[in-house]
Amino acid sequence: MEPPLSPLIVAQLNHLLAYSPLSVKVDQIWAGSRNARVSDRFTLSIPFCLDYVKCDVIYDALHPSVAPDVVFSSEDDDFDPLGDIASEGEARVSKSSLYDWNSKDPSRLMALVHELRDLYMHYQRRRVGELDDARLKFEMNTMLPREGIEVCLVSLPDRLEEVKFAVPLLDMDLNKLVPACTWRHQQKIYLQVIFPVSRSYSSAPAAPRVKLVSTSEVKTLFSIEDVKLPPWLDGMCMAEYLPAIEDNLKLQVVEAIASIGARRRFIEALAPLFGRPLEADPVLCRRATVLCASGAFTFLAHFSIPIQFPKQQPTLVMQSSQHFNSQGTPISSPPINDYPWSPRWDPPQMAERVFEFLADECLNFKKFCIDAIPQ
């Protein structure tokens, strides 16, 4: 087990992880010498172009007040951020976060990481801009003025070079559209477009690969995988391809937000019949649990409410509060989806039909629990 980081370094790393708008990850922490009492270096994964850029941040445990060195992976040997800063002259150096480094300021590491990411973004744009590919030059000139777009050159040993674009879609704040959401980072939906680098002898440029990508929390709002992308026609460019996608996405986001309200009304309709839910998801309204009783037999009913509600009905699981298996776990029913349901019913009718179903089904479930108890 590696020793802990020194307090000065911990303060800077914790500030980065807590306050950066980027979802930066720490891959590993280690010490520079074998018998060191404290660690003084770590590997960061910094999000860029729908992937991560890795770099080692190397402090000196004997002099933790000195600014760290930053070493990028061998794949980015040509990236020289300090050289880029120096080449822009004294004015650029004085604006760098490395200038007049203050180890007691916990925000300094975060400022350095953001600065390096910006420099890396310009480095990748320069690499792509130097390619001898007319189509990519056109896409770069027409798309890069769009706010938030990122691009990088991907070189793999077993395939031709590719250029990857990450295009943020929808000029709308998804965090603010979801009432009371607790998402810490800004949620986004991107179109990933990967172009093969054309060779001069190529007869016609191949169509790019396109895919929608979102941050993980967006997938709890609606199913990004179910969005069908239109075909990429011959001679098409990204500026022509994007409008139809954004119009379709905007409609689906609006429907997804409306579905939250429908799920909330369904959960609220459970209360007059079952009593106040024991648990409920207050933001996206995807889950609820109510307590049920039939004579002396008590059980929980867990509702898992799908994103496509009310087109798709909730999945029910019944869980006994009185019967346990050999591991001491409460006995539960298999997922249930075959109870009466219509998306055209209003929420009180939906809840009433579920209540009637459980009133009949609880006897079968009680027998199922008794039979499942190990003898």
Side-chain angles (χ1 to χ4, degrees), residues 177-183 216-226 252 255-375:
L177 288 176
V178 178
C181 88
T182 56
W183 297 335
S216 58
E217 287 86 349
V218 170
K219 296 177 182 178
T220 65
L221 178 63
F222 77 105
S223 181
I224 198 80
E225 293 82 5
D226 293 339
Q252 298 208 34
E255 287 182 3
I257 300 298
S259 181
I260 296 176
R263 295 195 293 267
R264 178 174 286 108
R265 289 188 292 274
F266 172 72
I267 293 174
E268 291 170 348
L270 298 173
L273 298 166
F274 295 94
R276 183 182 178 89
L278 300 180
E279 294 181 350
D281 172 8
V283 179
L284 297 176
C285 303
R286 296 287 308 279
R287 301 177 309 279
T289 298
V290 296
L291 179 64
C292 306
S294 176
F297 177 50
T298 58
F299 62 95
L300 300 177
H302 301 288
F303 293 81
S304 179
I305 311 174
I307 294 173
Q308 295 82 5
F309 180 90
K311 294 178 183 178
Q312 294 183 9
Q313 67 195 94
T315 298
L316 282 176
V317 172
M318 304 165 72
Q319 177 185 318
S320 175
S321 58
Q322 298 166 306
H323 304 86
F324 303 87
N325 61 21
S326 58
Q327 287 79 39
T329 303
I331 295 174
S332 298
S333 72
I336 302 169
N337 290 99
D338 58 353
Y339 57 89
W341 182 264
S342 171
R344 292 183 294 274
W345 293 340
D346 59 19
Q349 187 176 6
M350 293 175 179
E352 183 178 353
R353 298 299 289 269
V354 173
F355 181 83
E356 293 171 351
F357 171 81
L358 290 175
D360 294 335
E361 185 64 23
C362 66
L363 297 178
N364 294 329
F365 178 55
K366 182 178 180 181
K367 182 178 184 303
F368 171 84
C369 292
I370 294 172
D371 292 343
I373 294 176
Q375 301 301 320

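Counting heavy atoms from C-beta on, the side chains of F303 and V290 come closer than 4.5 Å. Using a 4.5 Å heavy-atom threshold, the side chains of S223 and Q308 count as touching. A 4.5 Å side-chain heavy-atom check between Q313 and Y339 finds at least one atom pair inside the cut-off. S320 has its side chain out of reach of P330: every pair of non-hydrogen atoms, C-beta onward, lies at least 4.5 Å apart. F368 is listed as a side-chain neighbour of I331, based on a closest heavy-atom distance under 4.5 Å. In this structure, the side chains of F299 and C362 come closer than 4.5 Å at one or more pairs of heavy atoms. Side chains of W183 and V283 form no contact here, defined as non-hydrogen atoms less than 4.5 Å apart. No side-chain heavy atom of R287 sits less than 4.5 Å from a side-chain heavy atom of H302.
Annotation: E356, atom CD; neighbour count of heavy atoms from other residues, nucleotides and ligands within 6.0 Å is above 12.
The line from OG of S333 to CD of E361 is 8.0 Å long, rounded to the nearest 0.5 Å. To the nearest 0.5 Å, atom OG1 of residue T220 and atom CG of residue L284 are 4.5 Å apart. Put simply, CD on Q319 and OG on S332 are 4.0 Å apart, with the number rounded to the nearest 0.5 Å. Between the CG atom of D360 and the CZ atom of F355 there is a distance of 10.5 Å, given to the nearest 0.5 Å. E279 CD to L291 CG: the interatomic distance, rounded to the nearest 0.5 Å, is 12.0 Å. Here the OG-CG distance, from S304 to N337, works out to 9.0 Å after rounding to the nearest 0.5 Å.
Of all heavy-atom pairs between L270 and A288, the closest is CD1-CB, 4.5 Å. Of all the heavy atoms in R353 and P340, the pair that sits closest is NH2-CB, 3.6 Å. Smallest separation of non-hydrogen atoms from P343 and P310: CB-O, 3.2 Å. Across P335 and V317, no two heavy atoms sit closer than the pair CA-CG2, 4.0 Å. For the residue pair A269 and A351, the shortest heavy atom distance occurs at O-CB, 3.5 Å.
For the pair S294 (side chain) and F297 (backbone), a donor-acceptor distance under 3.5 Å is absent. Checked by atom type and distance alone, the side chain of E352 never pairs as donor or acceptor with a backbone atom of P347 at under 3.5 Å. Between the side chain of R264 and the backbone N or O of P282, at least one donor-acceptor pair lies under 3.5 Å.
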Checklist line | Residue pair R286, I307: steps toward the side-chain contact (heavy atoms from CB on, under 4.5 Å) verdict | finding: CA-CA 7 Å; R286 296 287 308 279; I307 294 173; 3.3 Å; yes
Item checked: From CA spacing to verdict: side-chain contact (heavy atoms from CB on, under 4.5 Å), I336, T315 -> CA-CA 6 Å; I336 302 169; T315 298; over 6 Å; no
Next item on the list: Please report the C-alpha distance between I260 and L221 in whole Å, then the side-chain angles of each, then the deciding distance to 0.1 Å, and finally whether the side-chain contact (heavy atoms from CB on, under 4.5 Å) criterion is met.
Entry: CA-CA 8 Å; I260 296 176; L221 178 63; 3.6 Å; yes
Check: Would L316 and V354 count as a side-chain contact (heavy atoms from CB on, under 4.5 Å) if you check the C-alpha gap in whole Å, the side-chain angles of each, and the deciding distance to 0.1 Å?
Finding: CA-CA 9 Å; L316 282 176; V354 173; 4.0 Å; yes
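Legend: salt bridge (Lys or Arg N to Asp or Glu O under 4.0 Å) pairs involving residues 324-351, not counting sequence neighbours: none detected.
Between F309 and W341, a ring centre-to-centre spacing shorter than 6.0 Å is recorded.
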